[in-house]
Amino acid sequence: MTSALIATGVGKRYRRLWALRDCNIDIPDGRVVALVGPNGAGKTTLLHLAAGLLSPTVGTMRVLGRTPGRDVGLLADIGFVAQDVPLYRSFSVGDMLEFGRRTNSRWDHDLASTRIERARIDLDQRVGSLSGGQRAQVGLTLALAKRPRLLLLDEPLASLDPLARREFLQSLMGEVAEGELTVVLSSHLITDLERVCDHLIVLSASRTQVAGDIDGLLASHRIVVGPRREGAEVRGVGSVVQESHTDRQSTLLVRTDGPILDPAWAEQEIGLEELVLAYLGHPDATALPQPKLATAEAEVSP
Amino acid sequence: MIEFRLSPRSGVATYLQLVHQVRHAVRLGILHPGDQLPTVKEVVGSLAINPNTVLKAYRELERDGLVEGRPGVGTFVRDSVHGPPPGNHAALRRSLERWLRNAFEAGLDAEDARALFETSLQNSREEGVA
């Protein structure tokens with residue numbers, strides 16, 4: 001399987017402040033990725049690096065096998081919707097589509113008009129008077145009509161009410177079902193994304209904390225409950241992410257590759273939200289794949 | 001055609017909920033042999049879930065021999081699939097209702113009855129009866 005995006009030792013520094021560091025991720029083609037983390041964790045920086053709007057201070061980004069920012073042709077393959085969906089307020093929706101048609105070499109006008117029609121948006125309406133949900137649909141339509149191979153959406157759900165969220169995700173998943181599209185959605189809430197995503201990246205305090213396919217992550221984490229553990233190891237457990245104790249009992253969130261071998265411990269499955277919150281609450285714990293060398297020409301990070 | 005719905009608090013994985021709903025519909029005779037399941041695009045368009053989740057559910061049903069995928073056409077309930085014979089089904093249901101009436105008369109409430117049923121189901125499975 002090929003990768004849509006590989007970051008190798010990527011870091012971005014603004015003056016003395018690192019917005020993102022030691023970022024190693026590898027997103028396989030065709031995934032829908034949840035990029036999750038608290039505000040200020042580096043999500044927007046990572047998306048801007050992927051789109052080529054920023055260059056890394058150290059490390060290498062490879063997007064669809066090319067280097068963002070350096071390769072102008074790559075822009076046609078990336079759809080990017082920034083936070084708050086910046087659009088020209090005085091344009092009508094129709095003008096916005098026409099603008100898209102003229103500024104993109106590859107533009108699917110049928111797809112754009114069909115999507116706008118299906119979202120029940122009037123082509124004559126001014127962009128400035130759209131509701132948050134309509135604005136998000138127009139932004140998504142402009143990005144999709146480019147027929148991108150990688151779609152980057154920065155906090156697309158943040159300003160939407162529950163109904164608009166649902167409609168947005170329904171139409172986005174419809175496009176993913178159509179064909180070869182990798183999507184990265186950032187959010188500070190995992191609950192919004194749990195059902196639509198199959199790959200997870202958790203950023204915390206400028207670092208990647210968790211990265212991998214969601215099925216695999218859920219399968220390799222367990223809650224185990226047993227007699228109070230006096231510092232002894234539980235057989236079968238790889239590492240302990242989180243632990244809490246009463247005078248009799250210990251509850252551990254563990255990462256493991258196989259079954260828990262100790263019969264005194266009862267196992268429970270874990271939900272995605274619980275997993276993410278546990279890691280965010282314990283910034284030292286990580287669940288990351290081995291760093292992968294992007295290319296032979298990769299710059300060595302210090 | 002059936003329509004899927006997801007229960008947000010069930011704790012059951014999304015793909016398994018889809019699998020259970022198809023099995024249930026076949027068992028109750030809502031889906032007949034030859035019926036088509038909703039396409040992946042239809043399911044994701046209504047439930048807002050990842051297309052791979054639907055594919056995973058349909059693959060599992062295919063492995064079970066309950067449905068078959070016809071490339072480029074869709075996924076269909078297989079001809080060889082049969083629900084329980086209807087006569088037998090109705091008789092079993094009547095005897096279960098009789099049992100429930102007895103249970104309620106004996107002072108059990110719905111939760112007690114369910115717990116008793118679950119325990120008996122578990123026991124007979126372990127004994128290899130079911």
Side-chain angles (χ1 to χ4, degrees), chain A residues 1 28-34 114-115 118-119 133 136-137 140 156-157 160 162-185 190-200 213-219 223 268-275, chain B residues 1-24 35-64 67-76 115 118-119 122 125-126:
Chain A
M1 181 162 290
D29 253 340
R31 292 292 196 280
V32 181
V33 183
T114 312
R115 282 188 57 87
R118 214 182 303 145
Q137 289 285 11
L140 179 62
L157 304 173
L160 304 187
L163 182 64
R165 274 174 199 218
R166 191 179 165 83
E167 284 175 352
F168 182 89
L169 292 176
Q170 281 169 336
S171 76
L172 177 63
M173 287 303 107
E175 296 302 328
V176 173
E178 287 277 296
E180 315 289 304
L181 181 64
T182 306
V183 184
V184 183
L185 301 109
I190 185 67
T191 34
D192 286 335
L193 303 180
E194 181 153 11
R195 282 194 185 142
V196 302
C197 295
D198 46 21
H199 196 91
L200 175 72
D213 279 337
I214 291 175
D215 281 352
L217 287 167
L218 292 180
I223 302 273
Q268 286 167 22
E269 289 189 357
I270 183 170
L272 190 59
E273 188 182 13
E274 205 178 353
L275 180 90
Chain B
M1 189 65 92
I2 57 165
E3 196 177 358
F4 293 112
R5 67 172 298 283
L6 295 177
S7 147
R9 310 217 180 281
S10 72
V12 178
T14 306
Y15 88 95
L16 270 182
Q17 292 193 39
L18 302 183
V19 167
H20 291 164
Q21 283 170 39
V22 172
R23 282 194 196 138
H24 194 72
D35 279 353
Q36 187 177 2
L37 298 185
T39 64
V40 173
K41 188 153 192 208
E42 283 165 349
V43 179
V44 304
S46 73
L47 297 181
I49 58 174
N50 190 297
N52 290 328
T53 309
V54 188
L55 289 170
K56 189 171 173 185
Y58 284 9
R59 267 202 309 272
E60 171 120 353
L61 289 163
E62 219 169 315
R63 255 201 315 274
D64 285 355
V67 303
E68 60 184 342
R70 297 180 201 154
V73 190
T75 306
F76 296 83
E118 292 286 342
T119 318
Q122 191 87 36
R125 266 199 191 134
E126 277 163 15

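Chain naming here is simple, since letters A, B, ... match the order of the sequence lines and numbering starts at 1 in each. These numbers were taken from a predicted model, which means no experiment stands behind them.
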Chemist: Tell me, out of A:V196, A:L169, A:D215, A:L218, who's got the most heavy-atom pairs with chain B below 4.5 Å.
Modeler: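 Among A:V196, A:L169, A:D215, A:L218, the one with the most close pairs to chain B is A:V196.
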
Chemist: Heavy-atom pairs under 4.5 Å with chain A - which of B:V40, B:T53, B:L6 has more of them than the others?
Modeler: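 Among the listed options, the one with the most contacts to chain A is B:L6.
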
Chemist: Taking all non-hydrogen atoms of both residues, which atom of B:N52 and which atom of A:D198 are closest, and how far apart?
Modeler: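 Between these two residues, the closest heavy atoms are ND2-OD2, 2.8 Å.
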
Chemist: For residues A:R166 and B:A48, report the shortest heavy-atom separation together with the two atoms involved.
Modeler: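 Here A:R166 and B:A48 meet closest at O-CB, 4.1 Å.
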
Chemist: Below 4.5 Å from any heavy atom of chain B, which atoms of A:E178 appear? Answer side chain, backbone, both or neither.
Modeler: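 Contact with chain B involves the side chain of A:E178 alone.
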
Chemist: Quick check: closest heavy atoms across B:P51 and A:V176, and the distance to 0.1 Å?
Modeler: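 For B:P51 versus A:V176, the nearest heavy atoms are CG-CG1, 3.7 Å.
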
Chemist: Please check if atom CD in B:E62 has more than 12 non-hydrogen atoms from other residues, nucleotides or ligands closer than 6.0 Å.
Modeler: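 Yes, CD of B:E62 has more than 12 neighbouring heavy atoms, counting only those of other groups under 6.0 Å.
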
Chemist: Can you tell me how far CG of A:L172 sits from CG of B:N50, rounded to the nearest 0.5 angstrom?
Modeler: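 The CG atom of A:L172 is 9.5 Å from CG of B:N50, to the nearest 0.5 Å.
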
Chemist: Looking at A:R195, A:E194, A:E175, which has the largest count of heavy-atom pairs under 4.5 Å with chain B?
Modeler: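 Heavy-atom pairs under 4.5 Å are most numerous for A:R195.
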
Chemist: For A:M173 and B:I49, which heavy atoms make the closest approach, and how far apart are they?
Modeler: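 Looking at all heavy atoms of both residues, the closest pair is CG-O, 3.2 Å.
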
Chemist: Ignoring hydrogens, what is the shortest heavy-atom contact between B:V44 and A:A177? Give both atom names and the distance.
Modeler: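 In terms of heavy atoms, the two residues are closest at CG2-CB, 4.0 Å.
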
